[in-house]
Each structure stands twice: as structure tokens, then as C-alpha cells.
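Notes to accompany the following structure.
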Protein chains: 2
Amino acid sequence: MNDIRPIRAKSGTNHEGTSAHNRRVMIDALRINGALSRADLARATRLTKQTVSNIIEELERDGLVSSQEAVRRGRGQPSTPYGLVPEGAFAIGLQIDRHVTRAVAVDLVGSVLVRDEAGLPPGGPSNGTKVILDLVAGVRSKLAGIVQQSEKRLVGLGAAMPGPFGVAGSGDDPWMMEAWQKFPLLETLTAGTGLDVGLQNDAAAAATAERMVGAAHGLDHAVCLFVGYGIGAGLILNGELYRGTNGNAGEIGMALLFADGKSTPLEHRASLASLYQHLSIDPADPGLYARINDLALRGDQSIHAWVEAAAVDLRWSIHLLETLFDPQTVILCGSAPEALVNRLIAAIGPLLPSIAQHRGRTLPRLQPGMADPWSVALGAAAGPISRAFDPRFAAILKDSLQS
Amino acid sequence: MNDIRPIRAKSGTNHEGTSAHNRRVMIDALRINGALSRADLARATRLTKQTVSNIIEELERDGLVSSQEAVRRGRGQPSTPYGLVPEGAFAIGLQIDRHVTRAVAVDLVGSVLVRDEAGLPPGGPSNGTKVILDLVAGVRSKLAGIVQQSEKRLVGLGAAMPGPFGVAGSGDDPWMMEAWQKFPLLETLTAGTGLDVGLQNDAAAAATAERMVGAAHGLDHAVCLFVGYGIGAGLILNGELYRGTNGNAGEIGMALLFADGKSTPLEHRASLASLYQHLSIDPADPGLYARINDLALRGDQSIHAWVEAAAVDLRWSIHLLETLFDPQTVILCGSAPEALVNRLIAAIGPLLPSIAQHRGRTLPRLQPGMADPWSVALGAAAGPISRAFDPRFAAILKDSLQS
DNA sequence: AGTAATAAGTCAAGACACTTGACTTAATGA
DNA sequence: TCATTAAGTCAAGTGTCTTGACTTATTACT
């Protein structure tokens, strides 16, 4: 009769949770709307003027917001807008890709202050860990050289790498990503940097970036279709990144397509990997990015065939994402040369019919996102910033309150 | 300069929000774990014993929980477990299907107390509204005859019908569902019943039912693949039903499949509609359910061919849902005869490889859910109960606190 | 048996964060 | 000039959780 079953329950909350939530709501409002007065904030958040005043005062003491020039708007006392202070917080973003690793330092509003990259030697984590830790340390010290107190204001390190995580893989990846995926990266990075470390896949990172400073800014439901070496979808649902049970939600590249009696993962058909194979070029070529961009700009015939084929699969992928997630918009982004992404977008249209053809639609069904080799690292850095400052259910719960 | 841009912000919260959240967390814990003592609840929710005592006292006054026989568990004062009181709250669930409408009255723990159905005359809402309102009124008065104070404890009316909502349709549906989808159903039901009314699609309702009393009980990430006249997926993400921008998330039946050079919606290939067509029978036949069940039990050859074909599409659908949502489990349910669902499940296996083949997996990748013509109505009723009593982010916000 | 240990649950005071309503400040418009 | 309007502050009030001591009830040990 002595049942020792664990009791499962969500955590309760208390005053601290309330306060933490309200602080986050203020920051979020300032991020979405730009500078706002206390009175504006009170109306928008449904809190009282007094409460807003107290919280703003606290945020100002913490260096997260600052007052601006008073604004006269008709009768009444002029309002004093408060805006986010970019240097109020920083985060380091780290991208681990097949043959390269990139790190950036980003501030509270998502500006990249420092960026650096390094080649990853073959051999997986055993050879790459030192390179990565050195890269992070370098970015961190450069940041310290640019701004005061950066270390105190560093909220964490976000890492991004291709998924999926924790899955028994196919073993056909020459880039040892599987070894990386199995490696205790979080623990290694935490031990090596002393920072709070988070990990997400590259598509999720791209979506996080789009939400902070890109096309998904202020949206609560958006899907980012990320075309990189692989292909994946980053999901913004209810205003938050959706991770799924194991952080693998959105791994559309693993979706099997059936054609001509055989099944192929989408990843093998529409991704830069397939392009490299199509063009018979070495993905480790350092001048690759410029070369592809050049080919895309020139409208090269060899690229054209791949674009047309990939566009068919992407068009269908977008249709499927619209059908399953019912987002406000789909964003096409990638760690691909911008010219190539533009060609893809042009080739994808017109979109397939879907539930996205909705009466109340205001946003385009498909929008271009960032096409920048640094966008994944930026999104990786945006992760810790979002965790620290965006309103989230988890942030009100007692078991998340440590500070 | 007089910019009248609307300021967008999430709502703040206050003590009431805190309290409302904690009440919901208690109810949720009792629902998941069964009866618990105050001390157990305090540990599980991370609240203090005193706080739990106060909230339990309040919930007991409200008739939502009641104490049970004291339990001796080793040293120390025996604990007094508290459990949910089924008749603490009720909701009416309404299913509007092509040729039939069903209504149920459900209690706090998801037991169906009253059920009734009626045929829907052709002609869409103009002819059907009266039938529906009469059906609801009948169920409501029968409930009042069974339990005391049912009207006071009625938290709302949940309606479910096939989606998608608000989409420019294809117009090829003989059952006038498009007319229903365009009809101001919420307003009509609110005016006709005086209740708080919610609306979701049938797959979402099935998922809500599975979460309250079925295979998704206590799970935070589950996908219900619902096979009915159409086919759809109900999504439980982060412990809540995910609706998408327009309540159309999960409408996998609208997904276009490409084969033999033409595109077909999944719905036309794997759904009861396709079965009826395959068997050349009239979907309005009142003895349909028994007839199909009988055919499935006998292992009829005509059904066998459809099952084999549908299983291919369902196998792929499950693979896709696993890939995109990374759920803890996929549940196959339907408003289809149980024997048919069992045949389908048997025919679907083995599943396609996917990211669901994860190291830490404990639940089966695919589980059977309810296969019951009443499950959609039950899920419809579970909607208002979940909105009223489950922990949700929205419930802590000031703009959701009215009571 | 008697007593120490253990755990549930209560009591009463305290702390925290939001709310209330009156008040001050500073601008515009008639 | 002065009523009106709106931003923002002040100080007391309120609701909800927390704290720490205390009571109650049972088992385990001597």
C-alpha cells in the first residue's frame, strides 16, 4: 500500500511570479511598440499607473529602460516615453554547423555587436570543443572591450546546431553531426563558460531571430521555413518558440516523400546539401557562399534546374505547414545566399491553395526572412534573451523563480 | 504627428491572477493524480501548506473538491485526501455533423450524464438551428432532472463541427457544412442558450476528450489523428489545445497529396467519406454505423481493400505529425466504429521511421483512442471545462479575470 | 507501556505587490 | 485668463502568499 508514485503537478505562483510577469510584459510592449509612456503602458497592460510607475522605476534602476525627451500630445502634462536600453543585456549566440562554427554577441534589442567564426576540424566534438570554447571566449572578451559591464549583463549563451537531437540516426552524414548531437554539449559549454546555456536546432534559432528582429516581430503564430545545409521549420506558436517533446518539433527535413516507388527525406531533395550535390561542389569550400550567390545572381542554368525542382518541394512544404499550423504567415529564411533565396521565392509562387486563404488575412502568406549566414547565430543568442525577458507561462511559475 | 496607432501588449496580472492560477493548478493536480492531501499538494505545486489549505477550503466551499477518509501512511498525523467532486461543474457538448447533431451533458471529471441526438434536416443552418437549440434545451433539462443545482454549475456550451472555419471553400460538399461554417453559430447559440459558448473543429474536440479522460490524460504533447467523415488532427501542445490563428490548426485533411500527376486532399483518400464512396453507400443511412462495424468485424473483403489503402495514407500522416510536432504519442481516434479503427491500427503497423524513435521513449508511438460516435460531443463539452479549470497562461491575465 | 520521532495541518503575524483615490504638475483650447 | 485634460505621484488600503511556532495524531523504538 506504500505507493511511492511521483505526484505530477504544475507549479503554483506567488507575488514574485506576478511581478516577474508584469516586468516581462512591459519589456515586451516596449519591444513591440517602441518607446511608450507610463500612462500608455498602463492602458496597454491593464495595470494601474502606479504599478507601471513602480516597475518602470525598477527597470530603469536595472538599466533595462531609460526615459526619453518628453512628448507633448495635446492637452495635459507631456508624457515621458521610456524605451529599451540596448546595452541593458547581452547574450552570446553560437552556431555549430558542419564545417564551421560562428559566434556573435547580441544586445537586448537584437543588434549584433561582435561576430567571429572559425573552421571546425573534422572529427566531431573531440576535436571541435576547444575551437568552440576559444571562439566564444574571444567574442566575449571583444564584447567586454566594447561595452562596460558586459559580463554582468550577460544573460546566457545560446547554441544552435542542426537537429534532430537524441534520435537514432542514419549514420550517413560525413560531417559528424550525429556525433555532435550525441555529445553532452550543454554540459561542456556550461562548464567551459560558466554561463547559462540553451540549445536549439538551427531552424528554431532562425525563427527566434525572425521573432526578435525580423518578419515575425510581434507575431504570435508564425512558421519559419529554414533552408540551410538541411531544411527545417522553426515554430512560433502562441508567441513562443515551440520545441516539442524533445526539441525536435518542426524537423520537416526528416519527412519522407514518396515518389517513383521510393521514399526520400525532404532534406535530400530541397536543401543546400542537395544543391551542392547537384553542382558537384565541395561543401567545405570556404568561398562557397560567394560562389553560389554569384551563380544565383547570374541566373546560371545549372542552378536554375535545382531551383525549379526545389521550389516544387518548398511550395508543398509551405502548403503543409499552413495546413497543420494555421500560422499568420510563413517566412522563408536560410543560411543561404540572399540571391538564391530570392530566386527560390520567385520560383515558389504561386502558392498552393490552403486554409491560409482566409477571409481576415492581412499579412502575405509567404514572406522573405533573413538570408544571412549569421542569422542562426543571431537566433541562438536571441534564445537566452527571450527566455530572460519575454512574457512566458513558465516564467510565472515558482519553480522558475530563482533571482 | 498625432499617431493613433494602437498599442499592442500582453495583459499584466495581479493577485487575482495568482490565485486563479493556483486554484487551477490544484484542480489539475487532483485530476491527474487522483485524490491528494494538502501536504501532497503543497509539495507538488511548490506552494506552502498554508496556501494550499486556504485554497482547498475555498474549493470545498465551492463544491469542487471534497475530503475523503483519512489515510495512515507511516509515522505522523494521517493525511486527509481531497478529490474532485464530479458534480462540481457541468458543461454541455454539442456536435454538429453532416446529417446528425448530438448533445451531451458532462461533469467535472468527464462523465457523460445525458446524451441525445437528432437528425439534421437538409438546408443548412436555416433549417437546423431550431433542431439544435431544442436538442440542447432537452439535454439541459434532463440534466436538471438528474442533479441538483445543475444550472448554477453549468460552465458553458462547447460546440464542435468539421472545419475549416472561415476559408473560401471548394463548394463541392453536399452536406452544406460550408453554410454552417459561415453561419454565426457562436452568436446564435449564445443568444439561444444564454451560455458561454465555444467552438472548435471535430478533431480538436476529440483531442480535448482524449486529454480529459482518454489516452492523452496528463500528457503535455500529444496529437490525435481523428478519422471521421473527414480527417483532422487535434493538437495538444504544452498541455493545451493548440488552435492556430483561426482555429484551423491540424486540418490535415486539407493537405494535398501528389500522386500520378494529380493532387488530392488527404480527406478524399483516407476518411469515412472515402469509405462510403468506396462501398457506394449513403452516408445518411441511419443504420450505417452498425453496418460498417459489422462489415469490419466480419473482415469483409470490400472493406479490406479500403483499409489497406487508407492505412498507407494514415501511416504517412502519422509519420508527418511525429516529424512536425514531436509529440509524446500519437492517438488514433475517430467517430468510426471501433472494429474499423482496430482494423486500421492493425493495418497501419509497422510505422515509418521518424524522430519519434527517440532514446527516452516510454509511451507507444501510436495508441488507440476513443472510437465512439459520442467522443466529439464529449470533447466539445470538455472544452468549456478545460477553459474554466485547467491551468493556462491566458487565465492569469487581467483581461481574462471577470468572476 | 512510555517516549521520541515524524508528518499533517492550523494559527497569527508579516511581507509583498497591486489598487484606490486624492493630489500635483503641466500642457492646450476657448 | 482659466477651465479642461492628461501624466504622473503619494499614501493608505487590500488581497494573497510566506513564515515560524504550535497542535494533533500516528508509528517506531526502547
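In what follows, chains are A, B, ... by sequence order, proteins preceding strands, each numbered from 1.
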- [ ] Looking at every strand, decide which applies to Ser19(B) at a 4.0 Å heavy-atom threshold: base, sugar-phosphate, or nothing.
- [x]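 It contacts sugar-phosphate atoms only.
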Quick one: do [X] and [Y] make a salt bridge, cutoff under 4.0 Å?
| X | Y | result |
| --- | --- | --- |
| Arg153(B) | Asp62(B) | no |
| Lys49(B) | Asp40(B) | no |
| Asp28(A) | Arg31(A) | no |
| Arg140(B) | Glu151(B) | yes |

In whole Å, I'd like the distance from the [atom1] atom of [X] to the [atom2] atom of [N].
| X | N | atom1 | atom2 | result |
| --- | --- | --- | --- | --- |
| Leu36(A) | dA6(D) | CG | C1' | 16 Å |
| Arg23(B) | dT16(D) | CZ | C1' | 13 Å |
| Ile55(B) | dG15(D) | CD1 | P | 16 Å |
| Leu41(B) | dC17(D) | CG | C1' | 16 Å |
| Lys398(A) | dC16(C) | NZ | P | 14 Å |
| Glu16(A) | dT16(D) | CD | P | 18 Å |
| Leu47(A) | dG15(D) | CG | C1' | 16 Å |

Could you list, one pair per line, each protein nitrogen or oxygen that sits under 3.5 Å from a nitrogen or oxygen of nucleotides 6-13 of chain C, together with the distance?
{"from": "dT6(C)", "atom 1": "O2", "to": "Gly76(B)", "atom 2": "N", "distance (Å)": "2.9"}
{"from": "dA7(C)", "atom 1": "N3", "to": "Gln77(B)", "atom 2": "N", "distance (Å)": "3.1"}
{"from": "dA8(C)", "atom 1": "OP1", "to": "Arg43(B)", "atom 2": "NH2", "distance (Å)": "3.2"}
{"from": "dA8(C)", "atom 1": "OP2", "to": "Arg43(B)", "atom 2": "NH1", "distance (Å)": "3.3"}
{"from": "dA8(C)", "atom 1": "O4'", "to": "Gln77(B)", "atom 2": "O", "distance (Å)": "3.2"}
{"from": "dA8(C)", "atom 1": "N3", "to": "Gln77(B)", "atom 2": "OE1", "distance (Å)": "3.0"}
{"from": "dG9(C)", "atom 1": "OP1", "to": "Thr80(B)", "atom 2": "N", "distance (Å)": "2.6"}
{"from": "dG9(C)", "atom 1": "OP1", "to": "Thr80(B)", "atom 2": "OG1", "distance (Å)": "3.4"}
{"from": "dG9(C)", "atom 1": "OP2", "to": "Arg38(B)", "atom 2": "N", "distance (Å)": "3.2"}
{"from": "dG9(C)", "atom 1": "OP2", "to": "Ala39(B)", "atom 2": "N", "distance (Å)": "3.2"}
{"from": "dG9(C)", "atom 1": "N7", "to": "Lys49(B)", "atom 2": "NZ", "distance (Å)": "2.5"}
{"from": "dG9(C)", "atom 1": "O6", "to": "Lys49(B)", "atom 2": "NZ", "distance (Å)": "3.1"}
{"from": "dT10(C)", "atom 1": "OP1", "to": "Arg38(B)", "atom 2": "NH1", "distance (Å)": "3.3"}
{"from": "dT10(C)", "atom 1": "OP2", "to": "Arg38(B)", "atom 2": "NH1", "distance (Å)": "2.9"}
{"from": "dT10(C)", "atom 1": "OP2", "to": "Ser53(B)", "atom 2": "OG", "distance (Å)": "2.5"}
{"from": "dC11(C)", "atom 1": "N4", "to": "Gln50(B)", "atom 2": "OE1", "distance (Å)": "2.5"}

Can a side chain N or O of [X] be found less than 4.0 Å away from OP1 or OP2 on [N]?
| X | N | answer |
| --- | --- | --- |
| Asn54(A) | dC18(C) | no |
| Asn14(A) | dC16(C) | no |
| Thr48(A) | dT19(C) | yes |

Task: Listed once per pair and sorted, the ring-ring contact (aromatic ring centres under 6.0 Å, His included) pairs that draw on residues 55-79 of chain A, sequence neighbours left out - done: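 Residue pairs with at least one partner in residues 55-79 of chain A: there are none.
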- [ ] Taking atom CD of Glu187(B) as the centre, report whether more than 12 heavy atoms of other residues, nucleotides or ligands fall under 6.0 Å from it.
- [x]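 Check passes, neighbour count above 12.
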- [ ] Hey, which sits more toward the 5' end of DNA chain C by its nearest nucleotide, Gly74(A) or His15(B)?
- [x]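 Nearer the 5' end of the strand: His15(B).
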TODO: Apply salt bridge (Lys or Arg N to Asp or Glu O under 4.0 Å) to the pair Arg23(A) and Glu58(A), showing each step before the final yes or no.
DONE: CA-CA 9 Å; Arg23(A) 281 175 55 117; Glu58(A) 191 187 320; 2.4 Å; yes
